Amino acid sequence: MAIVRDIDIIEEKQPSIITQPTPPVDPTVFEKRFLKKIRELGEGHFGKVELCRYDPRGDKTGELVAVKSLKPENREEQGSNLSSEIDILKALYHENIVKYKGICQEEGGQAIKLIMEYLPLGSLKEYLPRNKSKTTLSMLLSYSIQICEGMDYLGSKNYIHRDLAARNVLVENERTVKIGDFGLTKSIKENEGYYTVKDDNDSPVFWYAPECLTLCKFYLASDVWSFGVTMYELITYCDSSKSPMNLFFSMIGQTHGQMTIIRLVKVLQEGRRLPRPEGCPEPVYELMRRCWEQQPDKRISFRCLVEKLTQMLQ
Ligand code: ADP
Ligand code: MG
């Protein structure tokens with residue numbers, strides 16, 4: 001009885017302690033003051049990604065997360081891009097797509113940050129050159145299958161990625177990879193089947209299909225083309241001397257700006273493609289070539305790629 005009476009007394013003095021329930025905590029809202037930067041993980045055209053510890057208790061027991069924000073110079077023009085990346089990633093659930101954790105909004109509501117799971121091994125572009133000796137061709141094919149699974153799921157949601165490349169595929173462990181970076185991802189209208197880009201300054205041209213370069217039209221099949229280039233990167237262990245950019249430049253000569261695109265379109269139209277990498281079995285190269293059909297509707301689908309690649313692994 002004494003305890004009950006004590007509570008009554010406390011409640012009288014400080015009603016808020018007992019009667020007011022604590023507000024429900026939204027686990028997807030991260031407070032900026034608890035987000036401690038550890039180091040930079042990487043940066044692309046518009047954004048940068050940092051490794052942080054979210055440590056509300058302040059005793060370094062909090063979890064590690066990857067935090068994506070826009071570089072200050074891009075805040076104004078690209079702000080809506082990061083917001084759309086957040087909205088897209090939030091609605092994607094697949095084992096081969098990086099997991100969304102939440103957002104962090106700065107005071108005043110201006111700059112928003114995207115909080116994702118942290119994948120300690122980085123992107124394939126960093127991982128493969130370092131781990132060449134222990135990564136077999138079967139493992140590369142397995143990564144390729146996982147990328148196709150993720151892409152097939154993305155396509156089923158009517159999204160086109162538009163930036164599929166080894167730099168945007170993250171490594172969870174030596175068996176598992178996940179697609180990251182949905183910064184250029186767009187939703188396509190079902191009746192149209194493609195997306196038209198308006199601003200095209202920073203497009204990854206050497207990963208792009210001819211229709212993207214000439215008409216600025218992106219189909220699901222345009223991602224298949226980029227997947228072919230990504231698979232080429234995997235088979236070369238992302239060796240930068242054999243990078244798609246270097247090889248295309250050796251075909252078209254060193255050029256700048258629009259001229260690069262004009263010449264690239266020309267060599268592709270002539271039917272020229274990235275060469276078969278050293279050590280790449282003919283059937284694997286054959287699959288890449290089926291991603292690089294000039295006409296989008298002639299290209300192989302992600303579903304069919306999964307099937308063919310799985311057969312090769314057996
Ligand atoms: P951008 O849109 O600027 O290209 P990305 O999302 O591709 O940004 O991230 C840039 C780089 O940061 C990646 O290539 C990768 O090396 C690293 N990175 C991104 N997300 C993660 C993550 N969740 N875990 C570990 N490293 C990451
Ligand atoms: Mg990127």
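Everything numeric in this text was worked out from a predicted model, so none of it was measured. Atoms considered below: every heavy atom in the structure, side chains included; atoms not considered: hydrogens, waters and symmetry mates. Order of listing sets the numbers, starting from 1, for every ligand and every atom in it. When a residue number appears, it is its place in the shown sequence, counting from 1.
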List, pair by pair, the atoms of ligand 1 and of the protein that are both N or O and lie under 3.5 Å apart, giving the separation rounded to 0.1 Å.
| from | atom 1 | to | atom 2 | distance (Å) |
| --- | --- | --- | --- | --- |
| ligand 1 | 2 (O) | Lys68 | NZ | 2.9 |
| ligand 1 | 2 (O) | Asp181 | OD1 | 3.2 |
| ligand 1 | 2 (O) | Asp181 | OD2 | 3.2 |
| ligand 1 | 3 (O) | Gly44 | N | 2.9 |
| ligand 1 | 3 (O) | Gly47 | O | 3.2 |
| ligand 1 | 4 (O) | Asp181 | OD2 | 3.0 |
| ligand 1 | 6 (O) | Lys68 | NZ | 2.9 |
| ligand 1 | 7 (O) | Asn168 | OD1 | 2.9 |
| ligand 1 | 7 (O) | Asp181 | OD2 | 2.8 |
| ligand 1 | 8 (O) | Lys68 | NZ | 3.3 |
| ligand 1 | 14 (O) | Arg167 | O | 2.9 |
| ligand 1 | 16 (O) | Glu126 | OE1 | 3.2 |
| ligand 1 | 16 (O) | Glu126 | OE2 | 2.8 |
| ligand 1 | 23 (N) | Glu117 | O | 2.8 |
| ligand 1 | 24 (N) | Leu119 | N | 3.0 |

Please tell me if the side chains of [X] and [Y] come closer than 4.5 Å, counting only heavy atoms from C-beta onward.
X	Y	value
Ile86	Phe182	no
Trp225	Pro210	yes
Leu121	Asn131	no

Measuring from Leu309:CG to Glu307:CD, what's the distance to the nearest 0.5 Å?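 So the CG of Leu309 and the CD of Glu307 are separated by 10.5 Å.
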Regarding Gln294 and Arg273, is there a side-chain donor-to-acceptor distance under 3.5 Å anywhere?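 Judged by distance alone, the side chains do pair up.
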Would you tell me whether Thr310 and Gln314 have side-chain atoms, one donor and one acceptor, within less than 3.5 Å of each other?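 Gln314 and Thr310 do not have a side-chain donor-acceptor pair below 3.5 Å.
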Given Asp152, Leu220, Ile147, Leu154, the one that forms side chain to side chain contact (heavy atoms under 4.5 Å, CB included) with Phe302: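 It is Asp152, the one option of Asp152, Leu220, Ile147, Leu154 that forms the side chain to side chain contact (heavy atoms under 4.5 Å, CB included) with Phe302.
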Determine, step by step, whether Tyr208 and Phe218 satisfy the ring pair (Phe, Tyr, Trp, His ring centres under 6.0 Å) criterion, reporting the C-alpha distance in whole Å, the side-chain angles of both residues, the deciding distance to 0.1 Å, and the verdict. CA-CA 9 Å; Tyr208 272 5; Phe218 285 81; 4.9 Å; yes
May I ask you to decide if Trp207's main-chain N or O and Ser226's side chain share a donor-acceptor pair within less than 3.5 Å?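 Yes, Ser226 side chain to Trp207 backbone: donor-acceptor pair under 3.5 Å.
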So which protein N/O/S atoms does the Mg ion (ligand 2) have within less than 2.8 Å?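 Correct list: Asn168 OD1, Asp181 OD2.
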